[in-house]
Amino acid sequence: MLASPTTLHHLLLPAPPHLAFALPHAAPPLHAWLPLSRVAPPRVAALTHGSSCRMRRRGTRAKVVAAGGDEASSSGPTKFSVKIPVGDRHILVETGHIGRQASASVMVTDGETIVYCSVCMADTPSDPSDFFPMSVHYQERLSAAGRTSGGFFKREGRAKDHEVLVCRLIDRPLRPTMPKGFYYETQILSWVFSYDGIHSPDCVAVTAAGIAMALSEVPNKQTIAGVRIGMINDQFVVNPTTEQMEDSELDLMMAGTDSAILMIEVAIREICKAIDVLVQTCGKKKMVEAINLPPAELYRHVEDISGDELVKALQIKEKIPRRKALSALEEKVIMILSEQGYVSKDELSGPIENLADIVEEEDEDEVIEDGEVDEGDVHIKPVSRKPHRQLFSEVDVKLVFKEVSSKYLRRRIVEGEKRSDGRSACELRPINSQCGILPRAHGSALFTRGETQALAVVTLGDYQMAQRIDTLVDTEESKSFYLQYTFPPSSVGEVGRTGAPNRREIGHGMLAERALEPVLPAEVDFPYTIRVESTITESNGSSSMASVCGGCLALQDAGVPIKFPVAGIAMGLVLDTQEFGGDGTPLILSDITGSEDASGDMDLKVAGNEHGISAFQMDIKVVGITLPVMEQALLQARDGRKHILNEMLKCSPPPCKALSPHAPVIHVMKVKPNKVNLIIGSGGRTIKSILEETGVYAIDARDDGTVKITARGMESLEKSKNIITNLTMVPKVGEIFRNCEIKTIAPYGAFVEIAPGREGLCHISELSSSWLAKAEDAYKVGDRIDVKLIEINDKGQLRLSCKALLPDANQEPGSIKQQTSSSVKEKVVYKDDIIKMTTRRSRRKKEVEPSAAENATPKTLENSTADSP
């Protein structure tokens, strides 16, 4: 299924260009050659390369050159460099000349994109725990693109969402390579120092972190690297440029080791080999002696104490009761092994059976009287034999208890063919869904799958609700669709911190967002900004996939015309079943719970429908997963998604599939681009007056002539449409405009408003068929008259005539005044129309220069009529 670009193309649903997936551990090995490269100052000499039938260079090794030679001590630090082929180009790795006080630091260059990464360790170990103390920080410096950040401080602040995603992509493949028992706090810092706009820095940062970790003293077990895979014309492309990604049907971010799976080996496997050569040349000695593992006999003791009770606790179906039972059992084990001391069963089976009966006996002196002692009598005093008690640290007991619990859970799944909640390997939890549960929300849905529940809410708005993103490329980029995921501590029955979203929430929300985005309608068909909020109210595994299902239902309830429904499912794996009495065949689990995720060998999240995939994310925790296992997992996931979609059709109450009465009304119309300035007006006065007069929410006028009106209801929408239509109309000579208001009286005539914001001059000679000394003699400001457009001069200014409409030349001027309040014109010149928009464009940066007719004012017209008769 995944063995070739063609099969993968049929598997994947159409996805947006920025759709990305993460495979943080045993990622695919990539097929290619590895040419020799040697960096020697001042010129770089690259050896020739060839390829075999598998497109891999045979019999070659990457060589590392130390720049500086014998002069290093006097001219500066020694710099080690190596060039590594990736796709159709090379990346340059340099170390030894920068950040020398760190445990390791490297600079990786791809084109003119440069990423610096350092690794540091604490001087003393932290308290032992089941979670390796490692933190990752990635930042894109705006100076890398020749820009500076806005605001008063003019410096980068908190990490942006896409930076957090890169941090997670660096962290997740590195963490499984850390040995158990190593507790030195480790920090990885990564900065983008230069960006050329062509080569993306995120995949370079993953590789840089893997190289720095390999060169450091941290005793990680394997080297990792990262690449991006695109697909152009049904062909895989390794690390495509930003321009190539615009034509790519796939955006796949991969990170892993040289023992990864799938059919892509070009970069990861060969990069790892080149890194190993660099490590042999200038890498530091690993701190293997710092690894501190619990005693081996502690595992046997924990199993002896908790065995039967642990089996019973793991059979409890409900999460909270099971967790409480395991916690109570853990406290019992800790008390015995850390406080009372452990006594082996062999010692307990001796003469003294009850330890409580063993008491300390004091020696008593025996009084012997003369003649009372018989010869040959032997007096032997019995001595109590006390068993040896073994004490262990509480931290070690907790770590071992967790591993033993995981082992027993896997054994129950394999041997008993039943999971903790009684399901089989392919069986899904019960599903229930409801829509429209929040009356004032634009769309809402409550999706429940077993003990995992998500409340999804959809809010519709205009362009002002779009999420603005500050990136290295564009300061005004925005997203018209975004999903925000919230995981409160109450969802797992705990007390914890609440506030800004953490990295896990950002990552889960982005995965659900990418799963839903391909099914959204084009903006031309649905010109709304869409925000989805997913709040996890209960959690026992796969909450991100519950967000996909709940978000899909909420979108339908909000009236969003999605292309087709999608659902998500999480898959698990027990790879080595032979260890637990199985036949050795990997066991794939559908719809895994939290404990199965923690104890399993894989977490594969797949979203889409029964025909294909819209997004997926895979975390592999062990080495050795083969292509047939992946194929079986994806096929089993497809069956699961089909079942979930069928259950979603049973939603009660069902989605409304119509716009909520509380949602705004948006209308898109098109005007001539040179008329946009008329809508905005000087200093925005015109558009502000329209907003105040009609009560609409917002009017977005763009340089291409697109006008988007967001209103409370149809009444205010129609009113604003009419004003904009009249304001941007193109008048023609000979048109008649009736009941027009006189706005200004001048000595040479009157200025008449033929449409909102559009005025023309009716010269005093055109006001009446008889001679007038002053215009005030016949009219005053506010009077309404009928006029005819008789001329548009070279400057675009309008000349009007009232006399041309008089039926009788002797008729008095006052008789043609109109007292009606509504303005009528005989012809509407320009009508609104829907335009096509495929991408969100930036808001206006500068106004379009208006024509002379649009700038007509009493002062300009006075100058133009100076020579009029």
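Counting from 1, the numbers follow the sequence of the chain as shown. Bear in mind the structure is a predicted one, so any value in this text is a computation, not a measurement.
Between the side chains of T537 and Q453, at least one donor-acceptor pair of N or O atoms lies under 3.5 Å.
Taking the ring centre of F131 as origin, the terminal cationic atom of R175 falls inside the region bounded by 6.0 Å and 45° from the ring axis. With F487 as the aromatic partner, R504 meets the cation-pi criteria of under 6.0 angstrom to the ring centre and within 45 degrees of the ring axis.
Contact detail for A205 and I170: the closest heavy-atom pair is O-CD1, 4.0 Å. In terms of heavy-atom proximity, S420 sits nearest to L409 at OG-CD1, 3.2 Å. The two residues S478 and A466 come nearest to each other via the heavy atoms CB-CB, 4.1 Å. Between S590 and Q636 the shortest heavy-atom distance is OG-NE2, 2.8 Å. Residues V560 and P521 share a closest heavy-atom pair of CG1-CD, 3.8 Å. Considering all non-hydrogen atoms of both residues, L314 and S405 come closest at CD1-O, 3.9 Å.
Using a 4.5 Å cut-off on side-chain heavy atoms (C-beta onward), S547 and I536 make contact. At a threshold of 4.5 Å between non-hydrogen side-chain atoms, the residues D462 and T529 do not count as touching. A 4.5 Å side-chain heavy-atom check between M510 and H162 finds every atom pair outside the cut-off. Side chains of E610 and R641 form no contact here, defined as non-hydrogen atoms less than 4.5 Å apart. Side-chain contact between I316 and E318 is present, with at least one heavy-atom pair separated by less than 4.5 Å. Counting heavy atoms from C-beta outward, Y408 and V311 have side chains that approach closer than 4.5 Å. Q434 places none of its side-chain heavy atoms less than 4.5 Å from the side chain of L553. Counting only heavy atoms from C-beta outward, the side chains of F401 and I334 never approach each other to under 4.5 Å.
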Checklist entry - Stepwise, does the side chain to side chain donor-acceptor pair (under 3.5 Å) test hold for S126 with E185? => result CA-CA 7 Å; S126 305; E185 183 177 359; 4.6 Å; no

Item to check | Residues Q315, R322; criterion side-chain contact (heavy atoms from CB on, under 4.5 Å); working and verdict | outcome: CA-CA 8 Å; Q315 293 176 357; R322 182 172 63 251; over 6 Å; no

Next on the checklist: Assess the residue pair Q484 and E513 against the criterion (side-chain contact (heavy atoms from CB on, under 4.5 Å)); give the C-alpha distance rounded to whole Å, side-chain angles, the decisive distance to 0.1 Å, and a yes or no.
Outcome noted: CA-CA 8 Å; Q484 296 171 335; E513 176 184 314; over 6 Å; no

Next on the checklist: Show, in sequence, the C-alpha distance, side-chain angles and deciding distance for E309 and K332, and conclude whether the salt bridge (charged side-chain N to carboxylate O under 4.0 Å, His left out) test is met.
Outcome noted: CA-CA 11 Å; E309 294 183 58; K332 174 185 174 182; 2.4 Å; yes

Checklist entry - Given the rule in the side-chain contact (heavy atoms from CB on, under 4.5 Å) test, do I530 and V458 qualify, once you have shown the distances and angles that lead to the verdict? => result CA-CA 7 Å; I530 305 171; V458 171; 4.0 Å; yes

Next on the checklist: If you apply the rule side-chain contact (heavy atoms from CB on, under 4.5 Å), what do you find for L516 with L520, and how did you get there?
Outcome noted: CA-CA 7 Å; L516 291 173; L520 294 178; 5.6 Å; no

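Put simply, CD on E505 and OG on S544 are 12.5 Å apart, with the number rounded to the nearest 0.5 Å. Interatomic distance, CG of L252 versus CD1 of I229, reported as 6.5 Å (0.5 Å rounding). Here the CD1 atom belonging to I506 is positioned 14.0 Å from the CG atom belonging to L511, to the nearest 0.5 angstrom. Interatomic distance, L428 CG to I569 CD1, rounded to the nearest 0.5 Å: 4.0 Å. Atom CD of Q617 is separated from atom CZ of R168 by 6.5 Å, given to the nearest 0.5 angstrom. For the atom pair M630 CE and L635 CG, the distance stands at 10.5 Å (nearest 0.5 Å).
Between the side chain of Y528 and the backbone N or O of P664, at least one donor-acceptor pair lies under 3.5 Å. Of the possible donor and acceptor atoms, one in the side chain of K319 sits under 3.5 Å from a partner among the backbone N and O of S539. A side-chain donor-acceptor contact under 3.5 Å links S248 to the backbone of M231. For the pair Q632 (side chain) and V629 (backbone), a donor-acceptor distance under 3.5 Å is absent. The backbone N or O of H442 sits nowhere less than 3.5 Å from a side-chain atom of H662 that would complete a donor-acceptor pair. Between the side chain of T186 and the main chain of M134, no donor-acceptor pair closer than 3.5 Å is present. Within the 3.5 Å criterion, the main-chain N or O of G594 finds a donor-acceptor partner in the side chain of N540. A donor-acceptor pair under 3.5 Å is absent between the side-chain atoms of S433 and the main chain of F447, judged by distance alone. Under a 3.5 Å cut-off, the side chain of S444 and the backbone N or O of A441 do not form any donor-acceptor pair.
Remark: of the listed residues V574, L604, L573, L573 is the sole one forming a side chain to side chain contact (heavy atoms under 4.5 Å, CB included) with I588.
Of the charged side-chain nitrogens involved, none lies within less than 4.0 Å of a carboxylate oxygen, so that D171 and R503 do not count as a salt-bridged pair. Salt-bridge annotation for R531 and E533: present, with a side-chain N of the basic residue lying under 4.0 Å from a carboxylate O of the acidic one. Taking the charged nitrogens against the carboxylate oxygens, D603 and K605 do have a contact shorter than 4.0 Å, which makes a salt bridge. A salt bridge links R323 to E494: at least one charged side-chain nitrogen sits closer than 4.0 Å to a carboxylate oxygen.
Applying the salt bridge (charged side-chain N to carboxylate O under 4.0 Å, His left out) rule to pairs touching residues 428-456 yields R429-D591, R449-D591, sequence neighbours excluded. Residue pairs meeting the salt bridge (charged side-chain N to carboxylate O under 4.0 Å, His left out) criterion with at least one member in residues 536-557: none, sequence neighbours excluded. Listed by first and then second residue, the ring-ring contact (aromatic ring centres under 6.0 Å, His included) pairs involving residues 491-514 are Y485-H508 (not counting sequence neighbours).
K407 is linked by a side chain to side chain donor-acceptor pair (under 3.5 Å) to E303, counting only residues two or more places apart in sequence or in another chain.
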Under 3.5 Å, side-chain donor or acceptor atoms of residues 643-659 against the rest of the protein: list the pairs with distances, not counting sequence neighbours.
unit_1: N646; atom_1: ND2; unit_2: K642; atom_2: O; d: 3.2
unit_1: E647; atom_1: OE2; unit_2: K650; atom_2: NZ; d: 3.2

Anything under 3.5 Å between a donor and an acceptor, one on a side chain of residues 595-602, the other on a protein residue two or more places apart or in another chain? List them.
unit_1: S595; atom_1: OG; unit_2: T593; atom_2: OG1; d: 3.4
unit_1: E596; atom_1: OE1; unit_2: R419; atom_2: NH2; d: 3.1
unit_1: E596; atom_1: OE1; unit_2: T593; atom_2: N; d: 3.0
unit_1: E596; atom_1: OE1; unit_2: T593; atom_2: OG1; d: 3.4
unit_1: E596; atom_1: OE2; unit_2: R419; atom_2: NE; d: 2.8
unit_1: D597; atom_1: OD1; unit_2: K621; atom_2: NZ; d: 3.3
unit_1: S599; atom_1: OG; unit_2: S406; atom_2: OG; d: 3.2
unit_1: S599; atom_1: OG; unit_2: S595; atom_2: O; d: 3.2
unit_1: D601; atom_1: OD1; unit_2: R410; atom_2: NH1; d: 3.1
unit_1: D601; atom_1: OD2; unit_2: R410; atom_2: NH2; d: 3.3
unit_1: D601; atom_1: OD2; unit_2: L575; atom_2: N; d: 2.8

